[in-house]
Amino acid sequence: MVGGRTFDSIICLVDWDFAAGLVVSVVNPQPGETIIDCCAAPGGKTLFMASYLRGQGMVSAVDLNKGRLRIFEETAKLQNADDIVTAVHADLRNFSVSYWTVNRSKHLELLLE
Ligand SMILES: C[S@@+](CC[C@H](N)C(=O)[O-])C[C@H]1O[C@@H](n2cnc3c(N)ncnc32)[C@H](O)[C@@H]1O
């Protein structure tokens with residue numbers, strides 16, 4: 001109820017940067033893929049990419065800033081996406097090569113934006 005009136009549906013508009021959405025449509029994540037989103041926090045693109053995966057695959061959000069990653073994790077929980085995204089606290093300048101090789105899957109995408 002808003003202002004004493006009830007509504008059949010509520011349309012929620014989110015201010016979304018068109019260019020950010022375009023980046024995700026270029027990556028065009030497919031179910032089953034593993035995506036590493038570099039410099040990801042607060043994770044708008046990470047979560048948008050996760051929505052493309054339809055529950056199959058994984059998006060890792062790598063960021064240097066713990067506070068921003070925490071915001072990302074809370075948002076992922078609120079959006080019920082926490083089973084398909086992971087927060088990785090790391091500095092890309094010395095990111096462990098083993099992470100990339102250990103987690104390398106057949107369909108690996110990398111976004112640095
Ligand atoms: C503009 S924000 C990224 C926004 C994000 N791509 C999105 O769509 O929500 C830039 C991010 O890069 C991170 N960053 C900067 N230098 C970094 C580094 N060397 N390693 C990892 N993350 C870094 C910052 O902490 C910051 O969160």
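Fair warning: this is a prediction, and the values are worked out from it, not measured in the lab. Start at 1 and go down the list; that is how both ligands and their atoms are numbered.
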* To do: Could you check if a side-chain atom of Ile35 sits within less than 4.5 angstrom of a side-chain atom of Met58, using non-hydrogen atoms only?
  => no

* How close do Gly57 and Ile84 get, heavy atom to heavy atom, and via which atoms? -> O-CG1, 3.3 Å

* Structure fact -> Within the 4.0 Å heavy-atom cut-off around ligand 1, the contacting residues, ordered by chain and number, are Cys39, Ala40, Ala41, Pro42, Gly43, Gly44, Lys45, Asp63, Leu64, Asn65, Arg68, Ala90, Asp91, Leu92, Arg93, Glu113

* Are Leu92 and Val88 co-members of a hydrophobic cluster defined by side-chain heavy atoms under 4.5 Å apart? -> yes

* **Straight-line distance of Asp63 CG to Thr46 OG1, nearest 0.5 Å** => 9.0 Å

* Asked: What residues, two or more places apart in sequence or in another chain, satisfy side-chain contact (heavy atoms from CB on, under 4.5 Å) together with Leu47?
  -> Phe72, Thr75, Ala76, Gln79, Ala81, Val85

* Asked: Quick one: does Tyr52's side chain get under 4.5 Å of Ser25's, heavy atoms only?
  -> yes

